[in-house]
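Read the numbers this way: they start at 1 and go in the same order the structure lists the ligands and their atoms. If you read the sequence from its start, that first residue is 1, and numbering goes on from there.
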Amino acid sequence: MPDTKSCSDCHQLNCYHEDKMYPKFCLTEALDQARLEEIAEIYRGDSLDGRMARASAEVEGIYYGKLTRVEETLAFARRIGATRIGIATCIGLIEETRVVARFLQFGGMETFTVLCKVGALDKTEIGVADARKVRPGTRESCCNPIQQAELLNARHTDLNVIVGLCVGHDALFTRHSEAPVTTLIAKDRVLGHNPVAAIYTAQSYSKRLFDAERVAAL
Ligand code: SF4
């Protein structure tokens, strides 16, 4: 049976500063060195991948703990030479999206926003039972992340920003987006779009995360 231990089982994290020991199952130690060098070459190069890798590291290094993620998004976009920003937004965050768009425009970017409900397809038209709607018996459009991506692709956006797309819809959007995608807001309807709060409180208010019966029923 293959060793299934991975980085989440590691308490050395030696790949960060190389000031401890690598564990037996270490992924760094097992890497194909030739491939690692090829990837480093990509990061050093002038391709979009290389520019993105260096821009991210630079934003992290220069602004560590000083900029909010909203500001970091603009700093990153500038460093990869982006001028057109696509925003894939959730209807529930449209007011927040207006602020995001205004901020990015204020920073010199052109923005184009596509709402999740674009196309106005009723959920029943894609095979979702009426009883599974948030409000059964009403007309309720499904989210349409493929269309969101295609509309942004048609605008040739340089970078797409997710504002509060649902779990899964965000994955589908990312899968169909031609431009690189960054998430500004990860939707969490219970925790005010702050999903990490469930992890921080896993020993207390969020103990239910490890309630076997509850988890089995998800
Ligand atoms: S790569 Fe190795 S040292 Fe780094 S976290 Fe994973 S197992 Fe630990």
Side-chain angles (χ1 to χ4, degrees), residues 1-82 88 159-188 190-212 214-216 218:
M1 189 166 152
D3 191 349
T4 54
K5 282 193 174 174
S6 63
C7 296
S8 52
D9 301 298
C10 174
H11 295 279
Q12 298 287 70
L13 310 181
N14 190 41
C15 51
Y16 187 19
H17 292 303
E18 285 207 306
D19 53 357
K20 296 179 190 144
M21 300 286 285
Y22 282 118
K24 280 199 178 70
F25 57 85
C26 179
L27 273 58
T28 290
E29 292 235 286
L31 280 180
D32 173 343
Q33 290 302 309
R35 181 56 190 152
L36 178 61
E37 182 47 36
E38 281 172 10
I39 292 172
E41 190 58 39
I42 293 170
Y43 293 151
R44 285 191 290 267
D46 290 330
S47 68
L48 179 59
D49 288 342
R51 286 184 284 125
M52 285 173 62
R54 293 193 300 278
S56 316
E58 209 174 290
V59 169
E60 180 192 12
I62 298 173
Y63 299 116
Y64 200 89
K66 295 178 187 148
L67 292 189
T68 63
R69 191 174 178 109
V70 177
E71 295 164 314
E72 283 187 341
T73 301
L74 176 64
F76 172 72
R78 281 192 180 146
R79 280 168 176 74
I80 62 167
L159 177 70
N160 290 335
V161 177
I162 288 179
V163 178
L165 296 189
C166 311
V167 169
H169 292 135
D170 57 357
L172 200 46
F173 172 79
T174 303
R175 190 168 147 79
H176 288 267
S177 168
E178 284 170 6
V181 179
T182 184
T183 299
L184 178 57
I185 301 177
K187 171 174 281 167
D188 190 319
V190 173
L191 296 173
H193 312 303
N194 183 29
V196 76
I199 316 298
Y200 289 152
T201 58
Q203 303 294 326
S204 53
Y205 310 112
S206 299
K207 264 189 183 155
R208 66 189 197 195
L209 285 181
F210 296 97
D211 177 330
R214 198 171 182 283
V215 169
L218 291 177

### Task
Could you tell me the residue and atom name of the protein heavy atom closest to atom 3 (S) of ligand 1, and the distance to it rounded to 0.1 Å?
N14 N, 3.4 Å
#### Entry: Heavy atom of the protein closest to atom 8 (Fe) of ligand 1 (residue, atom name, distance)
C10 SG, 2.4 Å
### Part of P23 with heavy atoms under 4.0 Å of ligand 1, whether side chain, backbone, both or neither
side chain
### Message
To check your reading of the model: name the closest protein heavy atom to atom 4 (Fe) of ligand 1, its residue, and the distance in Å.
### Response
C15 SG, 2.4 Å
### Query
What protein heavy atom is closest to atom 1 (S) of ligand 1, reported as residue, atom name and distance in Å?
T28 OG1, 3.2 Å
### Task
Give a yes or no on whether C7 keeps an N, O or S atom under 2.8 Å from atom 2 (Fe) of ligand 1.
no
### Any donor-acceptor pair under 3.5 Å from D170 side chain to L165 backbone
no
### Query
Would C26 count as a contact for atom 4 (Fe) of ligand 1, in the sense that one of its N, O or S atoms lies under 2.8 Å from it?
no
### Query
Which is it for Y22 and ligand 1 at heavy atoms under 4.0 Å: side chain, backbone, both or neither?
side chain
### Task
Before accepting this row, confirm whether a basic side-chain N of the pair E72/R69 lies closer than 4.0 Å to the acidic partner's carboxylate O.
no
### Summary
For L13, the atoms of ligand 1 under 4.0 Å from one of its heavy atoms are 5 (S)
### Message
For E38, is the CD atom crowded, meaning more than 12 foreign heavy atoms sit under 6.0 Å from it?
### Response
yes
### Query
So, R44 and E37, do they make that salt bridge, N to O below 4.0 Å?
yes
